Amino acid sequence: MLGISKIETYEQWTSEFNPTSTYEGSWKKGAKIYFIGTDENGKRGGMVSEIADIIPFRYVSIRHYGILDGENEITEGAEVEKWAGGLENYSFHENNGVTTVTVDIDVTADYLDYFNTTWPKALNKLKELAEK
């Protein structure tokens, strides 16, 4: 799911959010990580985040604290304040060989419809990859 040993697996299921979705950085606790993609003009953009916590194969917590605009990190201002401090948490529970992924995310009302539509698509794609 995280693409730690093969980033392509991460890029495949997160392509539901952006066809060019990827990340740069480390999944180690406290590490900075960019979640990025490119727009129709080829400009990079995305989230500037930190791995708040990680328990391998059980839990990952990501704290978003900025926006990446091209090569510029923006960590202050009205647009950032919508996301600043927001968490994206993933819990993994295995039962009889079946792993369930639970996603909890802080999201503003502006993006609620988008995530309610897109998350199920992304998780279905993740399920397909896991079952191959």
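Quick caveat: nothing in here was measured; it's all calculated off a predicted structure. When reading the values below, keep in mind they use all heavy atoms of this one structure, side chains included, and skip hydrogens, waters and symmetry mates.
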In a table with atom names and distances, give each donor-acceptor pair under 3.5 Å that connects a side chain of residues 51-64 to protein atoms at least two apart or in another chain.
residue, atom, partner, partner atom, Å
Tyr59, OH, Asn89, OD1, 3.3
Ser61, OG, Asn89, OD1, 2.5
Arg63, NH1, Glu50, OE1, 2.6
His64, ND1, Ser49, OG, 2.6
His64, NE2, Glu88, OE1, 2.8

For the side chain of Asp39 and the backbone of Gly42, is there at least one donor-acceptor N/O pair under 3.5 Å apart?
-> yes
So, Lys127 and Glu131, do they make that salt bridge, N to O below 4.0 Å?
-> yes
Do the side chains of Phe35 and Ile74 join up, straight or via other hydrophobic residues, at under 4.5 Å, putting them in one cluster?
-> no
Where do Ile105 and Trp119 land on the side-chain contact (heavy atoms from CB on, under 4.5 Å) test, with the steps shown first?
-> CA-CA 10 Å; Ile105 183 171; Trp119 265 112; 4.2 Å; yes
Output, in order, the C-alpha distance, side-chain angles, deciding distance and verdict of side-chain contact (heavy atoms from CB on, under 4.5 Å) for Leu68 and Met47.
-> CA-CA 6 Å; Leu68 189 65; Met47 303 300 298; over 6 Å; no
Residues 106-113, side-chain donor-acceptor partners within the protein, below 3.5 Å, at least two apart:
residue, atom, partner, partner atom, Å
Asp106, OD2, Leu87, N, 2.9
Asp110, OD2, Lys82, NZ, 3.3

How far apart are the C-alpha atoms of Glu71 and Lys43, what are their side-chain angles, what is the distance that settles it, and do they pass the side-chain contact (heavy atoms from CB on, under 4.5 Å) test?
-> CA-CA 9 Å; Glu71 297 304 315; Lys43 183 178 179 183; over 6 Å; no
Can Tyr34 be reached from Ile7 by stepping across I, L, V, M, F, W or Y side chains whose heavy atoms are under 4.5 Å apart?
-> no
For residues 13-24, run the donor-acceptor check on the side chains, cut-off 3.5 Å, and write out each pair with its distance to 0.1 Å, sequence neighbours left out.
residue, atom, partner, partner atom, Å
Trp13, NE1, Met1, O, 2.8
Thr14, OG1, Tyr10, O, 2.7
Thr14, OG1, Ser21, OG, 3.0
Ser15, OG, Gln12, O, 2.7
Ser15, OG, Lys125, NZ, 3.2
Glu16, OE2, Lys125, NZ, 3.4
Asn18, OD1, Thr20, N, 2.7
Asn18, OD1, Thr20, OG1, 2.7
Thr20, OG1, Thr38, N, 2.6
Thr20, OG1, Thr38, O, 3.4
Thr20, OG1, Thr38, OG1, 3.2
Thr22, OG1, Glu11, OE2, 2.6
Tyr23, OH, Leu2, O, 3.2
Tyr23, OH, Gly3, O, 3.0
Tyr23, OH, Trp27, NE1, 3.2
Glu24, OE2, Arg44, NH1, 2.7

Heavy-atom closest pair (Ser26 atom, Ala31 atom, distance to 0.1 Å) is O-CB, 3.6 Å
CD/Glu8: more than 12 non-hydrogen atoms of other groups inside 6.0 Å = yes
Following the transitive rule for hydrophobic clusters with a side-chain heavy-atom cut-off under 4.5 Å over Ile, Leu, Val, Met, Phe, Trp and Tyr, establish whether Ile36 and Val48 coincide in one cluster.
-> yes
Counting only heavy atoms not in Asn41, do more than 12 fall under 6.0 Å of its CG?
-> yes
Distance col, row Ile67:CD1 vs Glu76:CD, nearest 0.5 angstrom, shows 12.0 Å
